[in-house]
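This report concerns only the one structure given below.
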Amino acid sequence: MTSRDLKKINDALWEIPRQGGMRVPARIYATEKMLPAILSDKAPEQAMNVAHLPGIINYSLAMPDMHWGYGFPIGGVAAFDLQDGIISPGGVGYDINCGVRLMASNLKRQQITGKMQELVTELFNSVPTGVGAGGRLTVSKAELKKVVRQGAHWAVARGYGSESDLEYIEESGCVDGCDPAAVSAHAYARGSKQLGTLGSGNHFLEVGYVAEIYNPKAASALGLFLDQITVIIHCGSRGFGYQVCDDSLGIMDKAGRKYGISLPDRQLACAPISSPEGQQYLGAMRCAINYAFANRQAIAHFTRMAFERALAMPPAEIGLRTVYEVAHNIAKFETHLVNGERKKVCVHRKGATRAFAPGSNEIPAAYREVGQPVLIPGDMGRYSYVLVGTEQAMQDTFGSTCHGAGRALSRTKAKKQARGRNIGRELQDRGIYVIGKSRRTLDEEIPEAYKDVSHVVDACARAGISRKVAQLRPLGCIKG
DNA sequence: ATGTTC
């Protein structure tokens with residue numbers, strides 16, 4: 001695809017007109033400068049494919065961090081009519097409820113100078129990390145059924161973190177409508193040993209600090225101040241969510257044929273929301289959503305413990321509280337304004353973040369005036385961002401924005417570029433102490449493997465679908 | 001993303 005195939009809507013928004021079997025146009029959020037990289041990938045074609053799906057409302061949307069994914073593009077947002085529309089596992093992704101928690105402390109950067117190595121080591125020893133990591137917290141299948149019903153509440157009830165965390169998690173850390181009977185024995189078996197584990201790939205736990213504030217009023221509402229020590233936890237539903245997704249694909253493939261849904265790409269396999277197959281996936285997916293909420297809640301607890309041990313300070317002095325937690329691989333029923341009327345729709349966000357406007361009841365009371373916090377991790381070496389949602393996002397993107405930097409290099413290309421280098425040492429020279437479980441992951445995750453997240457965030461700000469609040473910079477990190 | 005899986 002070339003830029004000639006796009007119609008310019010404004011400086012940060014482009015449209016692929018409806019053509020062929022597309023039911024709606026596709027819209028890409030990006031600045032002109034970002035277009036060549038976006039168009040060099042198959043992701044725009046995937047956004048067009050999504051526009052073919054039954055019941056899609058308004059547009060097939062793609063955020064500036066879009067790139068190629070399974071069926072739907074990563075960075076894709078699509079809402080479907082509850083009567084005529086579909087639910088698709090490819091529109092959620094393999095890592096169901098992959099998401100990000102931001103924690104902020106009472107500490108200033110200067111207070112932990114020289115302690116980063118100890119702190120990161122303690123974190124690495126406290127949070128199981130890497131492919132197949134598990135074992136810290138093992139639960140029976142019966143207990144796991146409670147986990148998938150209760151989400152983060154399950155973790156808090158068992159002493160992992162506090163009640164006050166729950167208010168600051170999207171959906172308060174638990175969604176309704178889960179169906180534990182829709183989850184396979186294999187998924188339960190995989191999930192039983194993986195609560196409180198980080199995983200691998202782009203998942204990480206990072207200690208950083210507030211480096212810049214763009215919006216003092218919003219930063220103050222979120223309790224953020226310059227040089228404040230922060231923690232970002234990025235992970236998902238581990239083998240449990242993966243298995244739920246995998247189990248559903250075969251079922252969806254058959255359902256597509258049964259209901260006569262014609263697809264431009266088999267990976268868009270889906271079923272009508274109202275069908276038994278659609279309901280089964282929704283029930284199982286919601287179990288995985290809650291599993292991920294419980295997972296991040298347990299990790300947050302281990303993080304607090306590690307801080308206390310490494311810094312030899314009491315919890316009140318460290319003061320690590322949850323600023324907010326977002327999901328960025330999820331499908332949810334939400335009420336949006338469609339053609340001037342409030343309507344409940346099924347929003348798929350795959351590598352995209354909810355970004356609700358000021359005033360929404362879904363936002364914690366303390367933040368309601370400034371909008372929903374949106375947490376955008378960058379790469380290991382540069383920076384991450386805190387944004388807030390806007391009214392424009394409610395009107396244009398079903399209350400959604402970007403989710404991260406987006407890959408610039410494939411894993412294979414990144415590994416090739418990292419050959420002969422010592423990535424840990426390079427990052428240490430930049431003042432970032434990293435412990436990685438495997439050298440391979442560290443190589444795949446070199447900063448150059450990612451686009452500059454500031455460009456992504458600026459495109460969303462320019463389009464008006466979120467506002468910049470603060471920039472965070474890394475000091476230490478653990479990786480799978 | 002996942003973990004060694006027809």
Side-chain angles (χ1 to χ4, degrees), chain A residues 43 46 65-76 88-101 127-135 183-205 232-251 253-254 266-267 269 281 284-285 287-289 291-293 295-296 299 326-331 348-353 377 379-380 403-415 436-445 449-450 478-480:
Chain A
Q46 291 191 309
D65 47 338
M66 74 187 291
H67 55 108
W68 185 89
Y70 182 90
F72 285 54
I74 293 160
S88 175
V92 173
Y94 266 91
D95 192 5
I96 297 166
N97 192 10
C98 186
V100 182
R101 177 181 295 211
V127 183
T129 298
V131 173
V183 174
S184 71
H186 192 193
Y188 282 118
R190 289 180 72 173
S192 68
K193 288 181 193 158
Q194 293 193 318
L195 279 168
T197 68
L198 198 59
S200 179
N202 63 1
H203 292 162
F204 66 82
L205 189 157
I232 300 173
I233 296 165
H234 176 209
C235 64
S237 50
R238 309 286 286 104
F240 184 87
Y242 179 97
Q243 197 58 46
V244 166
C245 177
D246 209 40
D247 290 339
S248 72
L249 290 173
I251 298 167
D253 207 44
K254 283 195 202 96
R266 202 168 169 185
Q267 292 186 351
Y281 173 69
M285 177 197 67
C287 290
I289 290 173
Y291 186 97
F293 280 139
N295 189 32
R296 285 189 291 266
I299 291 174
V326 296
H328 57 218
N329 280 12
I330 202 161
H348 292 61
R349 294 192 185 92
K350 182 192 194 177
T353 315
D379 58 77
M380 284 191 286
H403 88 304
R407 271 198 172 269
L409 300 175
S410 69
R411 287 178 189 190
T412 316
K413 280 186 182 155
K415 265 183 288 193
K437 181 90 174 185
S438 84
R439 172 169 185 157
R440 193 181 91 174
T441 303
L442 226 49
D443 287 356
E444 287 173 355
E445 293 287 313
Y450 286 91
I478 67 170
K479 290 285 293 182

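Taking only side-chain nitrogens and oxygens, A:Asn202 comes nearer than 4.0 Å to OP1 or OP2 of B:dA1. For B:dT2, neither phosphate oxygen OP1 nor OP2 lies less than 4.0 angstrom from any side-chain nitrogen or oxygen of A:Gln194.
The CG-P distance, from A:Asp246 to B:dG3, rounds to 12 Å in whole Å. Atom CD in A:Gln243 sits about 11 Å away from atom C1' in B:dG3, given to the nearest Å. Atom NE2 in A:His186 sits roughly 7 Å away from atom C1' in B:dT5 (whole-Å rounding). Rounded to a whole Å, the CG atom of A:Leu249 is 14 Å from the C1' atom of B:dT5. Rounded to whole angstrom, the span from the CG atom of A:Asp95 across to the P atom of B:dT2 amounts to 6 Å. Per the geometry, CZ belonging to A:Arg190 stands 7 Å off P belonging to B:dT4, to the nearest Å. One can place CG of A:Asp247 at 17 Å from P of B:dT5, the figure rounded to the nearest angstrom. The distance from atom OH of A:Tyr291 to atom P of B:dA1 is 17 Å, rounded to the nearest whole Å.
Using a 4.0 Å heavy-atom cutoff across all strands shown, A:Arg407 reaches no nucleic acid atom at all. Residue-level contact check: A:Glu444 touches neither bases nor backbone, having no heavy atom under 4.0 Å from any strand.
Side chain of A:Thr412 to main chain of A:Ser410: no donor-acceptor pair is present (N/O by atom type, distance under 3.5 Å, no hydrogens or angles). Between the side chain of A:Arg238 and the main chain of A:Ala133, a donor-acceptor pair closer than 3.5 Å is present. Looking at A:His403, its side chain does come within 3.5 Å of a backbone N or O of A:Gly351 through a donor-acceptor pair.
Contact between A:Ala414 and A:Arg407 at its shortest, heavy atoms only, is CB-NH1, 4.4 Å.
Between B:dA1 and B:dT5, the two P atoms lie 22 Å apart (nearest whole Å).
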